[in-house]
Amino acid sequence: MPLVKEKQLLEFAEERKFAVPGVFAFNLDFIKPIIEVAEEEQAPIAICQGPEFIDSFGANIFTEACKTAAHDAKVPVALSVDHTFVTDETTIPWLIRMMCLGWSSVMVDASLLPYEENVAMAKELAGICRAAGVSSVAALGEVRRFFPQAMKYSGPYQEDFEVPPEIMTDPEQAKDFVEQTGVDTLAVSVGQYVRSLWDGELPPFHKAARLDMNRLEQIRKATSAHLVLHGATHTREEDLTEAAKRGVSMIKVASEQALIWSNEIRKFVTEHKDVMFPEDIQKPALAAVKESMRHYISLFGADGQIK
């Protein structure tokens with residue numbers, strides 16, 4: 001099946017009231033289980049990654065591997081560039097380079113900048129994307145990020161943290177933002193957050209974040225843009241399922257699968273000091289990652305959508 005545009009997947013998801021899983025390939029070896037589980041579950045899927053990682057993997061090699069896997073897949077696959085850790089004057093030129101490599105969706109996250117600057121950057125990106133036939137994604141409202149690389153990092157996660165309403169996406173502002181910028185997709189903040197990969201957390205994960213469904217419904221009514229959520233790892237699972245039913249077209253999952261992989265690798269090399277080949281060392285970790293992806297495909301209602 002040919003590589004498809006993210007916009008096509010999100011339109012299909014809105015019609016069928018499910019969310020496309022946005023899963024992250026944290027190295028080249030992640031690509032195979034992503035495609036396998038999507039095919040097994042008959043689910044459309046988006047392979048995601050941020051520009052920093054894409055470059056560190058070898059941008060040309062990694063992108064071509066993702067494109068080849070998508071073209072060979074039996075289900076629709078889109079390639080989506082996630083936000084950078086820091087947003088500044090280098091961000092949009094970086095995203096243009098990602099478009100030229102073949103990524104069909106790119107995201108600028110200026111949600112931590114003043115509103116007018118966020119609007120300006122999103123509008124600039126949306127115009128470039130329209131001309132290039134690429135989907136544009138922007139963000140409004142802060143999704144608090146508890147990891148040192150993140151812009152405005154304010155220290156480690158505290159167990160009593162709750163997302164304050166004042167940093168969440170305002171529905172009326174969302175309407176104005178989409179009208180001014182013309183972005184295809186809007187990443188919103190409705191109660192989720194992103195934990196650090198360096199907190200030392202082990203499975204099972206503490207899923208404490210609750211989504212503000214009333215706010216989400218207001219945003220959905222206020223704008224025609226597709227909606228996407230980041231921060232699924234530490235969000236209540238029943239809330240993710242409900243969000244998919246209420247108009248969120250894509251939900252991204254990254255931290256959980258990175259944590260599962262790293263935990264399984266550490267455990268395996270400690271218990272099997274005689275194993276040499278990287279492929280053998282990674283097998284249990286990638287199998288566990290694949291089952292996590294399968295779980296989220298089901299949670300989002302994406303399983304069985306492609307028949």
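Since the structure is predicted, the reported quantities are computational estimates derived from the model, not experimental observations. For reference, positions follow the sequence shown, starting with 1.
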Given the rule in the salt bridge (charged side-chain N to carboxylate O under 4.0 Å, His left out) test, do Lys5 and Asp184 qualify, once you have shown the distances and angles that lead to the verdict? CA-CA 12 Å; Lys5 294 185 182 300; Asp184 298 307; over 6 Å; no
Closest approach of Ile281 to Phe268 (non-hydrogen atoms, all atoms of both residues): CA-CE2, 3.7 Å
Between Tyr193 and Phe161, does the ring centre distance come in under 6.0 Å? yes
Steps toward side-chain contact (heavy atoms from CB on, under 4.5 Å) verdict (Phe146, His234): CA-CA 12 Å; Phe146 294 98; His234 294 96; over 6 Å; no
For the CE atom of Met98 and the CG atom of Leu79, what is their distance to the nearest 0.5 Å? 12.0 Å
If you draw a 6.0 Å radius around NZ in Lys207, do more than 12 non-hydrogen atoms from other residues or ligands fall strictly inside? yes
Which pair of non-hydrogen atoms, one from Glu117 and one from Leu113, has the smallest distance, and what is that distance? OE1-CD1, 3.9 Å
Leu229 and Val143, any side-chain heavy atoms less than 4.5 Å apart: no
Salt-bridge contact Arg246-Glu242 (side-chain N to carboxylate O under 4.0 Å): yes
So, for Ala78 and Leu3, which heavy atoms are closest and what is the spacing to 0.1 Å? CA-CD1, 4.2 Å
Apply side-chain hydrogen bond (donor to acceptor under 3.5 Å, both in side chains) to the pair Asn60 and Glu64, showing each step before the final yes or no. CA-CA 6 Å; Asn60 285 297; Glu64 289 304 314; over 6 Å; no
Taking atom CG of Leu216 and atom OG of Ser189, what is their separation to the nearest 0.5 Å? 11.0 Å
Could you check if a side-chain atom of Gln305 sits within less than 4.5 angstrom of a side-chain atom of Gln42, using non-hydrogen atoms only? no
Okay, side chain of Lys267, backbone of Ser262: is any donor-acceptor separation there less than 3.5 Å? no
Which of Leu140, Thr185, Leu186 passes side-chain contact (heavy atoms from CB on, under 4.5 Å) with Val178? It is Leu186
Evaluate side-chain contact (heavy atoms from CB on, under 4.5 Å) for Lys283 paired with Asp280, printing each intermediate quantity in order. CA-CA 5 Å; Lys283 275 181 181 176; Asp280 294 328; 3.7 Å; yes
Do Met250 and Lys252 come within less than 4.5 Å of each other through their side chains, counting heavy atoms only? yes
Could you pull out the closest heavy-atom pair between Glu52 and Val86, with the gap in Å? OE2-N, 4.3 Å
Consider only side-chain heavy atoms of I, L, V, M, F, W and Y, link residues closer than 4.5 Å, and tell whether Leu202 and Ile260 are in one cluster. no
Determine, for Arg215 against Asp212, whether the closest basic-nitrogen to carboxylate-oxygen distance falls under 4.0 angstrom. yes
Pair Trp103, Thr63: side-chain N/O donor-acceptor within cut-off below 3.5 Å: yes
Trace of the side-chain contact (heavy atoms from CB on, under 4.5 Å) decision for Val106 with Cys129: CA-CA 8 Å; Val106 294; Cys129 286; 3.6 Å; yes
So does Val134 get a backbone contact from the side chain of Ser104, meaning a donor-acceptor N/O pair under 3.5 Å? no
Would you say Phe18 and Leu227 are hydrophobically clustered, going by side-chain heavy atoms of ILVMFWY under 4.5 Å? no
Is the number of heavy atoms from other residues, nucleotides or ligands under 6.0 Å of Glu238 CD greater than 12? yes
So CG of Leu240 and OH of Tyr296: to nearest 0.5 Å the spacing works out to 6.5 Å
Glu279 CD: over 12 foreign heavy atoms closer than 6.0 Å: no
Are the aromatic ring centres of Phe53 and Phe62 under 6.0 angstrom apart? no
Short question: side chain of Thr241, backbone of Leu299 - any donor-acceptor pair under 3.5 Å? yes
Taking atom NZ of Lys290 as the centre, does the number of heavy atoms from other residues, nucleotides or ligands within less than 6.0 Å exceed 12? yes
Looking only at side-chain N and O atoms, does His230 offer a donor or acceptor that is under 3.5 Å from a partner on Gln192? no
So do the side chains of Gln49 and Phe57 get within less than 4.5 Å of each other, counting heavy atoms only? yes
Check whether any side-chain heavy atom of Pro44 sits under 4.5 Å from a side-chain heavy atom of Val75, and report yes or no. no
Quick check: do Leu9 and Val4 have side-chain heavy atoms less than 4.5 Å from each other? yes
Non-hydrogen side-chain atoms of Val253 and Phe300 separated by less than 4.5 Å: yes
Is the Lys NZ or Arg CZ of Arg195 less than 6.0 Å from the centre of Tyr157's six-membered ring, within 45° of the axis? yes
Spacing of Asn118 atom CG and Thr181 atom OG1 [to the nearest 0.5 Å]: 8.5 Å
Quick one about Ser80 and Glu6 (side-chain donor to acceptor, distance below 3.5 Å, no hydrogens or angles considered), yes or no? yes
Can a donor-acceptor pair be found between the side chains of Trp261 and Asn27 at a distance below 3.5 Å? no
Main chain of Arg294, side chain of Ser298: is a donor-acceptor contact present, judged purely on distance under 3.5 Å? no
Take Val248 and Val228, measure what side-chain contact (heavy atoms from CB on, under 4.5 Å) needs, and give me the verdict at the end. CA-CA 6 Å; Val248 172; Val228 60; 5.6 Å; no
Can you tell me if Asp239 uses its side chain to pair, donor with acceptor, with the backbone of Arg210 under 3.5 Å? no
With a 4.5 Å cut-off on side-chain heavy atoms, are Glu237 and His295 touching? yes
Side chains of Ser292 and Glu256: donor-acceptor distance under 3.5 Å anywhere? yes
Under 4.0 Å between a Lys/Arg side-chain N and an Asp/Glu carboxylate O for Arg266 and Glu264? no
Atom CG of Leu125 and atom CD1 of Ile96: how far apart are they, to the nearest 0.5 Å? 8.0 Å
Tell me, with the steps shown, if Arg144 and Glu142 meet salt bridge (charged side-chain N to carboxylate O under 4.0 Å, His left out). CA-CA 6 Å; Arg144 186 65 53 85; Glu142 179 186 351; 2.5 Å; yes
For a quick check under 3.5 Å, do Glu14 and Ser249 share a side-chain donor-acceptor pair by atom type? yes
Connected via hydrophobic side-chain network under 4.5 Å: Met121 and Met99: yes
Heavy-atom count around Lys123 NZ within 6.0 Å, excluding the residue itself: above 12? no
If you look at every heavy atom in Ala187 and Met107, which pair is closest and at what distance? CB-CE, 3.7 Å
Would you say Asp170 and Tyr115 are linked by a side-chain donor-acceptor pair, where the criterion is simply a distance under 3.5 Å? no
What closest approach, in Å, do Phe177 and Ala139 show between heavy atoms, and which atom pair accounts for it? CZ-O, 4.1 Å
With rounding to the nearest 0.5 angstrom, report the CD to CD distance, Glu36 to Glu41. 12.0 Å
